[in-house]
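Heads up: the structure comes next, in structure tokens.
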Amino acid sequence: MSRNKKSRKDSARMTVLERKPKKQELLADPTSKESRRKKAKEQRKKHQSVYEKSQATQKAQERDTQAGRRGTRHGGPLADKIRKLNAEKKEQAQQSDED
């Protein structure tokens, strides 16, 4: 028995109705995979460059110094509570030293 070579006969021919849609047609359809991928790519978070990161931190430091914070962030109820407890400890220590 001899082996026949693979041949592409009728299966290779596509009719006009069975043609594959063009990429622009796929992108026009909002439910197609291509259009969803394109939208997701546009919405994806962009990574900042090292320069942009350094500029952002510089701006924050400048804001802190302008607010009179000397480059640190103070504030919030927990910080107030800690300051209050530390002040009470100092007062108790001074009172025990005086006695």
Side-chain angles (χ1 to χ4, degrees):
M1 261 209 277
S2 64
R3 295 185 181 184
N4 292 333
K5 287 189 174 182
K6 293 180 182 176
S7 61
R8 299 181 186 173
K9 295 180 181 175
D10 292 333
S11 61
R13 295 185 207 135
M14 293 179 73
T15 62
V16 176
L17 298 174
E18 296 176 6
R19 70 173 177 81
K20 182 179 171 185
K22 294 181 181 178
K23 187 157 188 168
Q24 288 183 345
E25 293 173 353
L26 290 172
L27 290 173
D29 181 23
T31 58
S32 70
K33 183 178 179 181
E34 281 78 10
S35 64
R36 287 185 281 122
R37 284 179 65 199
K38 185 177 180 184
K39 185 192 286 185
K41 188 176 181 182
E42 290 170 356
Q43 290 176 350
R44 192 172 296 143
K45 183 179 179 182
K46 305 285 189 287
H47 293 286
Q48 287 185 332
S49 67
V50 176
Y51 176 75
E52 289 172 336
K53 287 180 185 177
S54 67
Q55 291 298 317
T57 56
Q58 255 185 349
K59 290 176 185 173
Q61 288 173 352
E62 289 173 7
R63 256 189 279 119
D64 290 342
T65 53
Q66 286 175 356
R69 296 180 180 173
R70 299 187 194 125
T72 58
R73 289 190 169 93
H74 301 291
L78 182 61
D80 295 335
K81 182 178 179 181
I82 292 170
R83 283 194 206 97
K84 183 179 173 184
L85 290 172
N86 287 339
E88 289 175 3
K89 284 182 183 177
K90 281 184 181 179
E91 287 178 15
Q92 288 178 357
Q94 287 177 354
Q95 287 177 358
S96 64
D97 289 342
E98 291 174 1
D99 292 337

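Only this structure's heavy atoms are used, side chains among them; waters, hydrogens and symmetry mates stay out.
Other residues, nucleotides and ligands contribute only 12 or fewer heavy atoms inside 6.0 Å of the NZ atom of Lys45. By the neighbour-count criterion of 12 heavy atoms within 6.0 Å, atom CD of Glu52 is densely surrounded, having more than that number from other residues, nucleotides or ligands.
Gln48 and Lys53 get closest at one heavy-atom pair: OE1-CG, 3.6 Å. Smallest separation of non-hydrogen atoms from Pro21 and Leu26: CG-CD2, 3.9 Å.
When atom types are taken as modelled, the side chain of Arg36 and the backbone of Pro30 share no donor-acceptor pair closer than 3.5 angstrom. Between the Glu42 side chain and the Lys39 main chain, no donor and acceptor come within less than 3.5 Å of each other. Proximity of a side-chain donor or acceptor of Ser35 to a complementary backbone N or O of Asp29 within less than 3.5 Å is detected. Counting only distance, with no hydrogens or angles, the side chain of Glu98 and the backbone of Gln95 share no donor-acceptor pair below 3.5 Å.
One distance of note links NZ of Lys38 with NZ of Lys23; it measures 9.0 Å at 0.5 Å rounding. For the atom pair Leu27 CG and Lys33 NZ, the distance stands at 13.5 Å (nearest 0.5 Å).
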